[in-house]
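Chain identifiers are assigned alphabetically (A, B, ...) following the order of the sequence lines, protein sequences preceding nucleic acid strands; residue numbering begins at 1 within each chain. Computed from a predicted model, the values in this text were never measured in an experiment. Heavy-atom basis, side chains included; hydrogens, waters and symmetry copies ignored.
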Amino acid sequence: MARANDEVSALFQEYADLISITGGDAFRARVYEKAARAIGGHHADVSQLDVKGLQEIPGVGKSIAEKVIEYLGSGRVSAVEELRARIPAGVRRLTTIPSLGPRKALMLYEELGISSIDELADAIHEERLRDLKGFGPRTEEKLLHGIDLLRASGRRVLVDVATDLAEEVVAALSEVSGVQRCEYAGSLRRGRETIGDIDVLVTARRAGPVMRAFTELPYVSEVIAHGEKKTSVRTDRGLAVDLRVVPPDSWGAALLYFTGSKAHNIRVREIAVHQKLKLSEYGLFDAESGKKIVSRTEEDVYARLGLPWIPPTLREDRGEIEAGLRDELPDLVTEADVRGDLHTHTDLTDGLASLEDMVAAAAERGYAYYAITDHGPDLYMQRMTDERMLAQRERVHKLKAKRMRLLHGVELNIAPDGGVDWPEEFLDGFDLCVASVHSHFDQGRAALTRRLVRACENPYVNIIGHPTTRLIGKRPPIDADLDEVFAACARTGTALEINAHPDRLDLGDEHILRAKRHGVRFAIDSDAHAVPHLANLRHGVATAQRGWLTKDDVINTWTLTRLRRFLRKGRS
DNA sequence: GCCGTTTTCGGCCCGACTGTTTTCAGTCG
């Protein structure tokens with residue numbers, strides 16, 4: 001069962017799309033889009049709010065609040081139903097085809113009765129689009145190609161794949177003569193958990209050479225658009241890359257614009273408009289004279305608008321503008337703040353590297369402490385026993401790591417009833433215990449909630465590992481009442497993990513925001529099963545930043561003394 | 001439909017590229 005906020009958010013997003021398709025007021029569509037986002041990201045459960053409470057959500061006025069109430073009461077909103085009756089759901093699906101927007105989708109439906117992607121493909125093959133205004137032969141080609149792409153994949157990719165490609169592109173373009181600066185921006189710079197395409201920004205006096213070099217990169221499979229200032233390509237990695245070239249002194253304004261998010265940009269530009277200014281990727285200008293005011297750095301642009309520099313990971317219009325205006329932006333946790341990794345594996349269970357190799361690699365990263373947490377015996381395939389675990393502890397105690405303290409821990413398995421692998425006497429021998437759900441994902445909401453809460457109440461469980469167990473794009477999160485779990489964590493002194501593996505990133509940013517409001521502490525862990533995985537921590541840190549976390553929120557930025565006190569969890 | 005340092009009405013971000021247009025609409029980010 002989805003959270004009421006998510007259901008309402010999806011409904012208003014649909015309504016906004018339907019307004020656009022039916023040619024309704026574009027501003028009205030935008031208002032519903034904004035409200036959808038605001039409600040989706042709102043901390044409080046909208047099903048517990050009245051009209052007045054709802055109207056306190058930014059972008060929600062009387063009319064939208066009443067629609068929320070209507071939906072919660074009856075499961076439907078008559079205004080939405082009316083548009084649904086006019087426009088089949090398949091028409092909205094048409095707009096997921098690249099290059100096909102709401103206007104053309106409506107024309108296809110009204111003129112030709114096309115209401116699904118299959119029907120559109122048939123109509124093109126039967127040459128029925130030929131008489132339609134605005135649809136020429138190139139458009140037909142593009143639509144067919146767009147349909148192929150959509151059917152092939154068209155999905156977002158994980159952040160590690162995108163990071164690798166982005167770094168390759170930036171390295172290659174930085175070598176081109178005449179290129180002064182080159183960086184990736186977009187959702188990757190904002191640290192989003194999945195990436196739809198990569199945006200690369202270059203400053204150069206002449207764009208030609210770098211554009212040419214870009215389209216000739218070996219992994220470019222297709223050039224989508226090729227202009228003087230902007231070029232878009234598809235790559236054989238399943239990701240599109242946009243390159244934008246701007247004059248050197250536009251760097252700051254361009255980086256701000258190209259980093260987004262779209263919603264953040266709109267807010268910032270609105271602030272500019274209110275000050276009789278105009279902000280574009282070329283700079284901040286006086287609206288009347290057109291004279292450029294600032295553009296060299298992001299700091300310059302924000303400062304002229306009365307804002308501090310806003311970290312890219314916060315730029316989602318989730319309150320960062322308001323916080324910035326009040327000068328109350330959080331001092332975000334950074335990778336350099338992390339003093340140790342508290343969830344890692346070795347080849348004693350399903351890791352690939354030896355204890356010694358993992359510890360050496362961790363020391364190399366400059367950690368002050370490092371926990372080894374192999375799987376407990378309840379994950380049967382790992383063949384863990386008391387003897388093997390105690391023997392590992394001996395090895396850990398004997399192993400000397402330069403300036404780094406080793407902690408011997410375990411990743412326990414949270415059983416369907418909330419119990420864990422060992423009794424308290426045995427758990428007492430560990431420096432810390434991570435506990436995670438690895439099976440029975442479909443118990444139902446009440447049972448899963450009880451299961452996690454009971455794990456929190458175990459006095460030896462310090463960290464709930466990958467709390468929702470989702471695998472991005474593969475396995476959905478478990479259905480538990482997370483607010484109840486968050487409250488239990490705060491009450492019992494149990495930290496929630498931000499698992500930094502790119503497949504997981506669990507908790508995700510929105511859950512982190514909610515958990516933080518409950519007063520929960522977090523651990524950013526790599527869950528490394530091999531030496532290279534230790535470096536995944538950066539993705540966990542980015543996710544933590546997106547959840548507005550500071551050093552103080554994250555237990556593995558603390559000194560060992562403070563961490564040990566937390567790990568005692570009120571035990572004597 | 002929302003909102004307010006141009007306030008209760010009249011605005012609502014801005015520019016690049018494409019394809020089909022003879023001057024611009026649609027789409028995208």
Worksheet item: What is the pairing partner of B:dT8, taking Watson-Crick or G-U wobble pairs with both distances under 3.5 Å in any strand?
Response: none
Fill in: Close side-chain approach of A:His511 and A:Asp506, heavy atoms under 4.5 Å
no
Worksheet item: Where the side chain of A:Arg138 is defined as all heavy atoms beyond and including C-beta, which of B:dC14, B:dT20, B:dC17 is the nearest nucleotide?
Response: B:dT20
Item to complete: Would you please confirm or rule out a distance under 4.0 Å between OP1 or OP2 of B:dG29 and any side-chain N or O of A:Lys262?
Response: no
Fill in: Nearest listed nucleotide, side chain of A:Thr139, among B:dA16, B:dG19, B:dG1
B:dG19
Worksheet entry | A:Thr203 (side chain) donor-acceptor with A:Arg181 (main chain) under 3.5 angstrom | yes
Discussion item. Between B:dG15 and B:dG10, how many Å separate the two C1' atoms, rounded to a whole number?
Written reply: 24 Å
Worksheet item: Between A:Ser99 and B:dT18, is there a side-chain N or O to OP1/OP2 distance below 4.0 Å?
Response: no
Worksheet item: Between B:dC13 and A:Arg269, is there an OP1 or OP2 to side-chain N/O distance shorter than 4.0 Å?
Response: no
Practice prompt. Quickly work out the A:Glu140 CD to B:dG19 C1' distance and round it to whole Å.
Written response: 13 Å
Worksheet item: Would you say A:Thr550 and A:Val333 make side-chain contact, with heavy atoms under 4.5 Å?
Response: no
Practice prompt. Could you list by number each residue of residues 180-191 of chain A showing a heavy-atom separation from DNA chain B of less than 4.0 Å, or answer none if no residue does?
Written response: none
Worksheet item: Roughly, in whole Å, what's the span from CZ in A:Phe27 to P in B:dC13?
Response: 7 Å
Worksheet entry | Between P of B:dA25 and NZ of A:Lys104, the distance in whole Å | 13 Å
Fill in: Beyond-backbone contact of A:Ser20 with A:Arg103, side-chain heavy atoms, under 4.5 angstrom
no
Worksheet item: Which part of the nucleic acid does A:Ile97 contact within heavy-atom distance under 4.0 Å: base, sugar-phosphate only, or nothing?
Response: sugar-phosphate
Discussion item. Among B:dG1, B:dG29, B:dC17, which nucleotide has an atom closest to any side-chain atom of A:Ile64?
Written reply: B:dG1
Practice prompt. Measure the distance from CG on A:Leu256 to P on B:dG15 and round it to the nearest whole Å.
Written response: 14 Å
Worksheet item: So do A:Val233 and A:Ile224 actually touch side chain to side chain, heavy atoms under 4.5 Å?
Response: no
Discussion item. For a quick check, tell me whether the side chain of A:Tyr257 and the base of B:dG29 share a donor-acceptor pair closer than 3.5 Å.
Written reply: yes
Response to the item:
With the side chain defined as heavy atoms from C-beta on, A:Val273 is closest, among B:dC17, B:dC14, B:dC2, to B:dC14
Practice prompt. Check whether any side-chain N or O of A:Arg30 sits under 4.0 Å from OP1 or OP2 of B:dC2, and answer yes or no.
Written response: no
Fill in: Short side-chain to backbone donor-acceptor contact, A:Thr95 and A:Val91, under 3.5 Å
no
Worksheet entry | Protein-nucleotide distance (A:Ile266, atom CD1; B:dG29, atom P), rounded to Å | 14 Å
Worksheet item: Is the base of B:dT20 syn or anti, if syn means a glycosidic angle within 90° of 0?
Response: anti
Fill in: Partner of A:His264 by side chain to side chain donor-acceptor pair (under 3.5 Å), out of A:Arg269, A:Arg318, A:Glu316, A:Glu320
A:Glu320
Worksheet item: Roughly, in whole Å, what's the span from CG in A:Asp199 to C1' in B:dG15?
Response: 15 Å
Fill in: d(NZ, A:Lys133; P, B:dC24) in whole Å
13 Å
Worksheet item: What integer distance in Å separates A:Arg234:CZ from B:dC28:P?
Response: 12 Å
Item to complete: Name the orientation class of the two ring planes belonging to A:Phe12 and A:Tyr32 (parallel below 30°, tilted from 30 to 60°, perpendicular beyond 60°).
Response: tilted
